Amino acid sequence: MIVVDRTGPLALLQDLGRGGSAHLGVSPSGAADRTAHRLANRLVGNAEATATIETVLGGLAVTATSLVWVAVTGAPTQLRITTSNGQMLLTASHTSLALRPGDQLTIESPERGLRNYLGVRGGFALDPVLGSLSYDVLSGLGPAPLQPGQQLDVRRPRRALPNAELAPAHPPRTRLALLPGPRRSWFTDAAWSSLLGKPWTVTGDLDRVAVRLSGPPLERLVEGELPSEGLVRGAVQVPASGQPLIFLADHPVTGGYPVIGVLTERAADHAAQLRPGDRVRFDGRTDG
């Protein structure tokens, strides 16, 4: 078992989401940075779909009540371990660690990037909601956000620990690979060139639903109304303001504004690590 001592700004259980229910109005949700989530699980020998704890800007602190193996991935950061006898140890993220009974692990706020993922060997013994342990901030589906004092039972591991206990920590990228979207033709060539050629600033209006950007308004070629159509993670939608936004894991399943482009899967992970004030560029190449 682990006990949640502090949550930081927000701590949620997330796995790879509840796919296949968009026709029912249920977003897939899941980890905002899928690559980081999968890596945390691989470092402790879990299946990649096992739920992790997603935390924002550090501050998460948990205490082990029995021996558990953990790993923290996502934005590169420092970890502080306070042992049961009061000794304090500092280590970097992206490695597997053994927490003994009474040890407390604290995730420090990363210098760059937004989100970290705490994987616990064996995973958490909780009942899924519609097949997933992910919490969707838009609909409220899934286990509620974690609270101080909450106890999380850990399942017995089913796999051996991996041979590797350390993984590279890659700084978050602010250059995002972009493919033309289904409504690219609704925008002028100048708008597409501006989207790819100019830097965009991440606004403070940011959550698990979308990253909203500020820059030169994108001019539409087609001014007609668009019936609502399906959305995916990484879709770059342009509302009436002309200011694009990037949909993240908890995006709505449909939208009524044109989607000018769609990020690659890896670029959508990078978008989940953007912070207010970051300067973003879109890249028409698709190498990640």
Side-chain angles (χ1 to χ4, degrees), residues 4 7-42 46-57 60 72-75 113-120 123-147 150 152 155 172 176 181 202 205-212 228-237 245-257 259 262-275:
V4 178
T7 62
L10 181 66
L12 306 173
L13 288 171
Q14 295 293 340
D15 51 28
L16 292 180
R18 47 181 67 84
S21 297
H23 64 294
L24 301 175
V26 178
S27 170
S29 192
D33 183 343
R34 306 279 209 260
T35 300
H37 164 86
R38 289 184 170 103
L39 180 57
N41 278 318
R42 290 202 302 271
N46 288 342
E48 291 185 348
T50 304
T52 61
I53 298 176
E54 179 184 278
T55 185
V56 176
L57 291 176
L60 176 70
V72 175
T73 59
L114 189 67
R115 292 181 168 91
N116 289 106
Y117 293 84
L118 172 63
V120 177
F124 302 109
L126 294 169
D127 294 328
V129 177
L130 295 181
S132 172
L133 289 181
S134 291
Y135 179 75
D136 182 345
V137 301
L138 195 61
S139 68
L141 280 175
L146 300 183
Q147 299 295 325
Q150 188 170 349
L152 296 172
R155 297 186 187 278
L176 307 177
V202 178
D205 188 11
L206 177 153
D207 52 26
R208 278 182 46 89
V209 176
V211 175
R212 295 156 183 90
S228 289
E229 55 188 7
L231 290 173
V232 297
R233 187 176 77 110
V236 179
Q237 188 187 73
L245 57 89
I246 305 169
F247 280 117
L248 300 181
D250 289 353
H251 62 82
V253 296
T254 61
Y257 293 113
V259 172
V262 180
L263 299 183
T264 64
E265 281 291 310
R266 188 67 186 96
D269 289 336
H270 290 305
Q273 295 292 354
L274 294 173
R275 297 167 75 156

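Since this is a predicted model, take the numbers as computed values, not measurements. Values below: all heavy atoms of this structure, side chains included; hydrogens, waters and symmetry mates excluded.
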Distance, nearest 0.5 Å, that separates OH of Tyr117 from OG1 of Thr35: 10.0 Å
Can you confirm whether Gln147 sits close enough to Val4 that some side-chain heavy atom of one is under 4.5 Å from a side-chain heavy atom of the other? no
Testing the basics here: between Tyr135 and Gly140, what is the closest heavy-atom pair and its distance to 0.1 Å? CE1-O, 3.6 Å
May I ask you to decide if Thr55's main-chain N or O and Asn116's side chain share a donor-acceptor pair within less than 3.5 Å? no
Between the CG atom in Asp250 and the CG atom in Leu141, the distance rounded to the nearest 0.5 Å is 10.0 Å
To the nearest 0.5 Å, what is the distance between OG1 on Thr52 and CG on Asn41? 6.0 Å
Side chains of Val26 and Ser139: closer than 4.5 Å at any heavy-atom pair? no
Is the closest basic N to carboxylate O distance between Asp33 and Arg115 below 4.0 Å? no
Over all atoms of both residues, closest heavy-atom pair of Arg208 and Ser29: NH2-OG, 3.4 Å
Pairwise side-chain contact, Leu114 with Leu57, heavy-atom cut-off 4.5 Å (strictly under): yes
Nearest heavy-atom approach of Pro9 to Val56 is CD-O, 3.0 Å
Are Val262 and Val232 packed together at the side-chain level, in the sense that at least one heavy-atom pair is separated by less than 4.5 angstrom? yes
Can you find a heavy atom in the side chain of Val72 that is under 4.5 Å from one in the side chain of Leu60? no
Is a side-chain N or O of His37 found less than 3.5 angstrom from the main chain of Thr50, in a donor-acceptor match? yes
Output yes when Glu265 and Arg233 qualify as a salt bridge under the 4.0 Å nitrogen-oxygen rule, no when they do not. yes
To check you understand the geometry: which heavy-atom pair defines the closest contact between Ser27 and Ala249, and what is its length? OG-O, 3.3 Å
Can you measure from CZ (Arg34) to CZ (Arg266) and round to the nearest 0.5 angstrom? 12.5 Å
Side chains of Ser132 and Gln14: closer than 4.5 Å at any heavy-atom pair? no
Ignoring hydrogens and geometry, is there a side-chain-to-backbone donor-acceptor pair from Glu54 to Ala32 under 3.5 Å? yes
Nearest atoms (heavy-atom pairs only) where Ser134 meets Pro143: O-CD, 4.1 Å
Any side-chain heavy atom of Leu152 within less than 4.5 Å of one from Val120? no
Can you tell me how far apart CZ (Phe124) and CD1 (Ile53) are? Round to the nearest 0.5 Å. 4.0 Å
Report yes if the side chains of His270 and Leu263 come closer than 4.5 Å at any heavy-atom pair, otherwise no. no
Nearest heavy atoms of Ile246 and Ala271, plus distance in Å: CG2-CB, 4.1 Å
Leu245 side, atom CG; Leu206 side, atom CG - distance, nearest 0.5 Å: 11.0 Å
Counting N and O atoms only, with roles assigned by atom type, does the side chain of Asp205 sit under 3.5 Å from a partner on the main chain of Arg212, one being a donor and the other an acceptor? no
